Amino acid sequence: MCAKSKTIYVCKECGCQLPKWQGRCPDCGAWNSIEEELFSPQPAAKGLGGGRNTGPIPQVESLREVEADEGERYHSGLGEFDRVLGGGIVPGSVVLLSGDPGIGKSTLLLQICQTLGEHLRLLYISGEESARQIKLRANRLKVDSPNLFLCASTDIEYVLRVVKETAPQLLIVDSIQTMCLSSVTSSPGSVTQVRECTSLLTQMAKTTGIPTFIVGHVNKDGAIAGPKVLEHMVDTVLYFEGERSLSYRVLRAQKNRYGSTNEIGVFEMEGDGLREVPNPSMMLLSDRPEGVSGTCVVCLLEGTRPVLAEVQALVAKTNFGAPRRAATGFDYNRTVLLIAVLEKRGGFFFGNMDTYINVVGGLWIDEPAADLPIALALVSNLLDKPLGDDTAAFGEIGLSGEIRAVGQSLQRVSEAYRMGFRRFILPQQCLKSLDASQFPGAQLIGVRTIHQAIKAAAAPRG
Ligand code: TYD
Ligand code: MG
């Protein structure tokens with residue numbers, strides 16, 4: 001007997017189901033997120049468990065007896081990729097790779113097949129491209145592993161059967177939005193389809209131990225298309241991002257059950273695929289202007305890795321009305337706060353000045369360590385006095401104008417020293433953890449207040 005299918009309404013954001021359409025989801029509060037779907041219910045079973053779960057009950061184990069050998073991780077041949085995953089691919093893990101269309105998700109996954117294919121049998125399921133298209137791309141990427149098998153299919157049940165028959169050791173599904181389960185009547189890419197297909201793939205990965213990569217698209221707001229529940233179902237969520245017009249791409253873990261989420265991997269898209277950028281500081285500083293005011297280099301920490309970035313400030317006279325405050329790559333409210341501190345505690349006035357802050361290279365800084373360099377760049381441009389090309393700074397600024405310590409100063413200074421910087425303006429507290437003899441020829445200037453910092457920056461070099 002086939003139960004009659006009925007129309008239900010599902011929230012794209014949280015997956016909540018409603019009997020009627022509404023403008024706003026009552027569960028998660030998202031506006032305009034409810035979509036119509038056809039739903040054919042499974043025949044309802046009666047009683048507890050419906051008489052279906054009559055097999056042996058699942059095993060209960062003592063924590064101490066559970067075997068938790070993480071096992072060997074697979075290495076993809078791209079060190080940046082492995083680092084973001086927490087040191088390689090964990091057997092049985094499900095990784096969701098998402099990003100804007102055309103950012104290079106398929107390219108990245110095809111590229112790792114070359115090294116992985118040396119030891120593992122790989123299956124690449126494509127719902128978007130034909131095997132021929134993948135072959136053409138593989139030619140460009142110089143991927144020709146004999147262990148890589150392709151299958152163009154969008155039916156998840158066939159996919160599962162293919163997996164069972166070919167028994168691959170690693171599975172790639174490109175993309176989840178094209179997969180469909182025939183018993184669900186809604187169209188591919190809809191909330192129910194995406195959820196059901198992911199759930200089947202996750203179950204399979206957990207039972208067979210096949211590591212699975214799933215490509216997911218993002219919608220125009222940058223969130224993964226499909227319900228939020230998708231992110232809960234997988235072990236790791238990776239975002240591949242970058243400006244389409246720039247060739248640099250950043251891979252970031254948003255959730256990772258097997259490692260830290262702070263690591264980033266940097267790649268460059270070239271004619272023959274993605275190339276790792278092991279030294280992002282060099283890339284971010286490559287076009288730095290010399291001898292100009294309003295720029296300062298900051299030592300950031302992206303996870304365990306120190307990265308140097310350039311912050312720029314432009315201070316220009318306001319022509320009309322209230323002064324403008326704008327910030328790219330840095331929090332707007334924090335910019336306004338820093339300007340207020342500079343006015344009240346430093347004695348610099350921006351009341352009739354428009355101020356613009358820019359972080360070079362499309363980077364987004366959310367570390368308080370960038371406060372001091374931004375304040376120095378602002379004052380430098382206001383007074384039109386360059387800070388010096390070999391000056392780097394870091395430190396958090398408090399509301400009373402004090403410079404507060406930030407963590408891992410040794411890593412920050414070492415990276416900047418390695419990149420040729422010789423004058424460091426940093427919180428006085430941080431000097432304690434530094435040994436000046438490690439940095440011959442460098443000037444380490446510890447400061448306690450914003451006043452001291454500006455004085456130190458303006459002081460003649462000696
Ligand atoms: P792709 O991996 O198809 O993106 P996604 O799967 O995320 O949608 O990447 C496609 C883009 O990358 C395309 O605009 C062309 C560019 N590209 C290169 O620049 N070099 C290359 O070697 C390849 C394969 C792609
Ligand atoms: Mg693709």
Side-chain angles (χ1 to χ4, degrees), residues 76-82 84-85 89 94-117 122-145 148-156 159 170-180 188-189 193-194 197-198 201 212-226 230-231 234 236-254 264-277 283 361-362:
S76 66
L78 289 175
E80 297 283 300
F81 186 76
D82 289 345
V84 175
L85 284 175
I89 302 161
V94 181
V95 179
L96 179 67
L97 174 65
S98 58
D100 288 328
I103 203 77
K105 301 178 293 292
S106 310
T107 308
L108 179 66
L109 290 179
L110 193 56
Q111 227 171 313
I112 59 170
C113 287
Q114 181 63 15
T115 308
L116 288 169
L122 315 168
L123 180 61
Y124 191 114
I125 307 282
S126 181
E128 303 197 334
E129 292 161 297
S130 65
R132 193 174 157 270
Q133 279 173 305
I134 300 174
K135 172 72 183 168
L136 289 176
R137 187 201 297 260
N139 285 347
R140 274 175 71 185
L141 301 174
K142 302 192 181 62
V143 174
D144 63 346
S145 171
L148 173 58
F149 296 88
L150 306 176
C151 172
S153 171
T154 55
D155 189 315
I156 196 78
V159 170
L170 188 133
L171 176 69
I172 294 170
V173 179
D174 187 0
S175 66
I176 193 69
Q177 274 83 12
T178 55
M179 294 295 143
C180 72
Q193 285 286 8
V194 167
C197 295
T198 312
L201 289 170
T212 305
F213 284 90
I214 299 175
V215 173
H217 290 192
V218 295
N219 59 27
K220 60 181 189 303
D221 305 325
I224 296 171
L230 192 60
E231 294 181 33
V234 299
T236 302
V237 180
L238 302 180
Y239 274 93
F240 202 30
E241 46 191 28
E243 287 289 322
R244 277 290 290 278
S245 50
L246 295 174
S247 60
Y248 296 111
R249 305 278 185 267
V250 176
L251 184 69
R252 214 178 266 287
Q254 205 224 11
I264 61 164
V266 184
F267 298 89
E268 192 176 1
M269 182 63 98
E270 290 184 346
D272 55 355
L274 291 157
R275 193 177 58 81
E276 293 178 80
V277 180
M283 159 200 119

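Everything numeric here is computed off the predicted structure, so don't read it as measured data. Both ligands and their constituent atoms are indexed starting at 1 by order of listing. One is the number of the first residue; the rest follow in order along the sequence.
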To the nearest 0.5 Å, what is the distance between CZ on F81 and CD on E276?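 Between atom CZ of F81 and atom CD of E276 there are 11.0 Å.
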S106 side, atom OG; L141 side, atom CG - distance, nearest 0.5 Å: 10.5 Å
Have S76 and D82 got a donor and an acceptor in their side chains that come within less than 3.5 Å? yes
Backbone or side chain, does S175 get an N/O/S atom under 2.8 Å to the Mg ion (ligand 2)? no
Between the side chain of T115 and the main-chain N/O of I112, is any donor-acceptor distance below 3.5 Å? no
Quick check against the 3.5 Å criterion: does S98 have a side-chain atom that pairs as donor or acceptor with the backbone of L238?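 Between the backbone of L238 and the side chain of S98 there is a qualifying donor-acceptor contact (under 3.5 Å).
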Please could you name the atoms of ligand 1 that [X] approaches to less than 4.0 Å, counting only its heavy atoms?
{"X": "G271", "result": "20 (N), 21 (C), 22 (O)"}
{"X": "P101", "result": "8 (O)"}
{"X": "D272", "result": "22 (O)"}
{"X": "R137", "result": "1 (P), 2 (O), 3 (O), 24 (C)"}
{"X": "M269", "result": "12 (O), 16 (C), 17 (N), 18 (C), 19 (O), 20 (N)"}
{"X": "E270", "result": "18 (C), 19 (O), 20 (N), 21 (C), 22 (O)"}

Pair E241, R249 - check salt bridge (Lys or Arg N to Asp or Glu O under 4.0 Å), show working. CA-CA 6 Å; E241 46 191 28; R249 305 278 185 267; over 6 Å; no
List the steps, then state whether side chain to side chain contact (heavy atoms under 4.5 Å, CB included) holds for L85 with T236. CA-CA 8 Å; L85 284 175; T236 302; 4.2 Å; yes
Contact check: L141 vs ligand 1, nitrogen or oxygen atoms, below 3.5 angstrom: no
Could you name the option among [options] that has the heavy atom nearest to [atom]?
{"atom": "atom 24 (C) of ligand 1", "options": "V143, L108, L109, T107", "answer": "T107"}
{"atom": "atom 6 (O) of ligand 1", "options": "A138, S106, S175", "answer": "S106"}
{"atom": "atom 11 (C) of ligand 1", "options": "G99, G102, S98", "answer": "G102"}

Side chain, backbone, both or neither: which part of R140 comes within less than 4.0 Å of ligand 1 when only heavy atoms are counted? side chain
Residues L110, Y124; criterion side chain to side chain contact (heavy atoms under 4.5 Å, CB included); working and verdict: CA-CA 8 Å; L110 193 56; Y124 191 114; 4.2 Å; yes
